[in-house]
Amino acid sequence: AIVLPKVGLDDFDSYHEMSDWGMDIFKVGNSLGIGSIGMFIQNRVKMVAETDSVTCAILAEGPIWAHIQTKYFGWKVGDKEFDLVSNLSIAGGSRMTRHNVEISNGAPNLCTGFAKHEDCELLKPAESNENGWQYLGYWGKQSLAGDNLGIAVFYRQEDLIDLTEDNVNHIVVLQPKKGKVDYYFLAAWEQEPGGIKTMAKFQQYLENLKMRLNHPIEIEISD
């Protein structure tokens, strides 16, 4: 059912409490949340906030594929302005959202990442310097339900400028190529159907996704 119009009406914070539809389990605050886009300038994340205008379009909303496009015009970063196009898409049955981003005006970088929480483990691949898809993951009791949640960002090693952090974020800084960059982000909550309940299984899940991304299925059509 469509529940969003009913959420938080009686008690603003009620969406953080378990209901028939579930609950909001992740506190974002002023962080990147999970997979938001920004620019890393003077050792801080500049979020997409101050713009001239914004447009949004739903390009696909079927059960197999969903795709939303948002255009930000005149994003102000310091004394410069950028136009940014965000394409977020997800396949049915997948935890992974793909973010294809285009930016104008020779942007020096784009960054993404996720919020930091206490007593959580940062996860990286055993082989993290080879080209192709890599990941930065995070596991621990960062759910507002007080249980385990795994989150991750997948990026291409050849796009990577730096893996860094600030007070509230673990940050992946990426180099746009011809004004374009793309990455994936995901979350896996232990209470979801078929939920992942241990850090070891979550990291194995990330390793399996990495292998699939780096070895996509190839289809050949012959006469």
Side-chain angles (χ1 to χ4, degrees), residues 25-51 70 72 75-82 84-88 95-144 149-177 179-188 199 202-203 205-207 209-210 213:
I25 62 166
F26 197 74
K27 185 176 181 179
V28 173
N30 61 352
S31 74
L32 284 162
I34 305 173
S36 294
I37 194 73
M39 192 177 292
F40 197 63
I41 300 293
Q42 297 178 342
N43 293 319
R44 35 189 314 250
V45 175
K46 176 70 173 179
M47 303 287 283
V48 184
E50 186 181 359
T51 64
T70 308
Y72 302 90
W75 173 28
K76 295 171 179 58
V77 183
D79 59 355
K80 292 187 176 181
E81 293 189 4
F82 303 90
L84 184 143
V85 180
S86 161
N87 287 281
L88 290 162
R95 293 185 177 98
M96 298 180 70
T97 296
R98 187 164 190 168
H99 200 178
N100 295 89
V101 184
E102 299 179 29
I103 190 165
S104 68
N105 203 20
N109 68 70
L110 286 168
C111 71
T112 187
F114 42 75
K116 293 168 73 172
H117 292 98
E118 293 182 359
D119 302 322
C120 290
E121 294 289 335
L122 200 62
L123 305 176
K124 298 179 182 180
E127 297 292 334
S128 58
N129 294 319
E130 57 190 13
N131 279 343
W133 289 98
Q134 300 288 348
Y135 64 82
L136 186 67
Y138 209 39
W139 173 266
K141 294 189 183 301
Q142 54 190 324
S143 158
L144 289 173
L149 175 70
I151 59 179
V153 169
F154 279 80
Y155 60 90
R156 288 189 176 92
Q157 178 66 27
E158 49 267 42
D159 295 339
L160 183 66
I161 296 175
D162 195 15
L163 296 176
T164 185
E165 61 184 279
D166 60 16
N167 290 337
V168 295
N169 297 296
H170 288 287
I171 305 164
V172 181
V173 187
L174 302 171
Q175 178 66 63
K177 304 291 175 59
K180 298 181 180 180
V181 72
D182 66 323
Y183 60 89
Y184 291 89
F185 59 90
L186 64 88
M199 185 172 70
F202 181 62
Q203 182 145 31
Y205 168 72
L206 297 181
E207 289 288 338
L209 287 177
K210 175 189 167 186
L213 287 171

Enquirer: So do the side chains of V48 and F82 get within less than 4.5 Å of each other, counting heavy atoms only?
Expert: no

Enquirer: Does a side-chain heavy-atom distance below 4.5 Å link L206 with L186?
Expert: yes

Enquirer: If we only count heavy atoms from C-beta on, is the N105 to W75 side-chain gap below 4.5 Å?
Expert: no

Enquirer: Going by heavy atoms in the side chains, are I103 and M39 under 4.5 Å from each other?
Expert: yes

Enquirer: Show the nearest heavy-atom pair for residues K76 and T51, with the distance to one decimal.
Expert: NZ-C, 4.1 Å

Enquirer: Any side-chain heavy atom of V181 within less than 4.5 Å of one from Y155?
Expert: no

Enquirer: Can you name the salt bridge (Lys or Arg N to Asp or Glu O under 4.0 Å) partners of D162, sequence neighbours left out?
Expert: none

Enquirer: Do Q203 and Y135 have side chains that approach each other closer than 4.5 Å (heavy atoms only, starting at C-beta)?
Expert: yes

Enquirer: Please determine if D119 and K141 form a salt bridge, counting it only when a charged side-chain N lies under 4.0 Å from a carboxylate O.
Expert: no

Enquirer: For the pair F26 and H117, name the ring-plane relationship: parallel under 30°, tilted 30 to 60°, perpendicular over 60°.
Expert: perpendicular

Enquirer: Around E158, counting heavy atoms of other residues, nucleotides and ligands shown, do more than 12 lie under 6.0 Å from its CD?
Expert: yes

Enquirer: Within the side chain of Y138, is there an N or O that forms a donor-acceptor pair under 3.5 Å with the backbone of A115?
Expert: no

Enquirer: For H99 and S86, work out which heavy atoms get closest and say how close.
Expert: NE2-OG, 2.6 Å

Enquirer: Going by the side-chain contact (heavy atoms from CB on, under 4.5 Å) test, name the single residue among V172, V173, L110 that passes it with I161.
Expert: V173

Enquirer: Does NZ in K80 sit with more than 12 non-hydrogen atoms of other residues, nucleotides or ligands closer than 6.0 Å?
Expert: no

Enquirer: Looking at D182 and R156, is any side-chain nitrogen of the basic one under 4.0 Å from a carboxylate oxygen of the acidic one?
Expert: yes

Enquirer: Could you check whether any side-chain heavy atom of L122 comes within less than 4.5 Å of a side-chain heavy atom of L136, counting everything from C-beta outward?
Expert: yes

Enquirer: What is the minimum heavy-atom distance between L32 and G113, and which atoms define it?
Expert: CD1-N, 3.7 Å

Enquirer: Is the closest side-chain heavy-atom distance between V101 and T112 below 4.5 Å?
Expert: no

Enquirer: Give me the atom names and distance for the closest heavy-atom approach of I34 to F185.
Expert: O-CD1, 3.5 Å

Enquirer: Of all heavy-atom pairs between C111 and N109, which one has the smallest distance, and what is that distance?
Expert: N-OD1, 4.3 Å

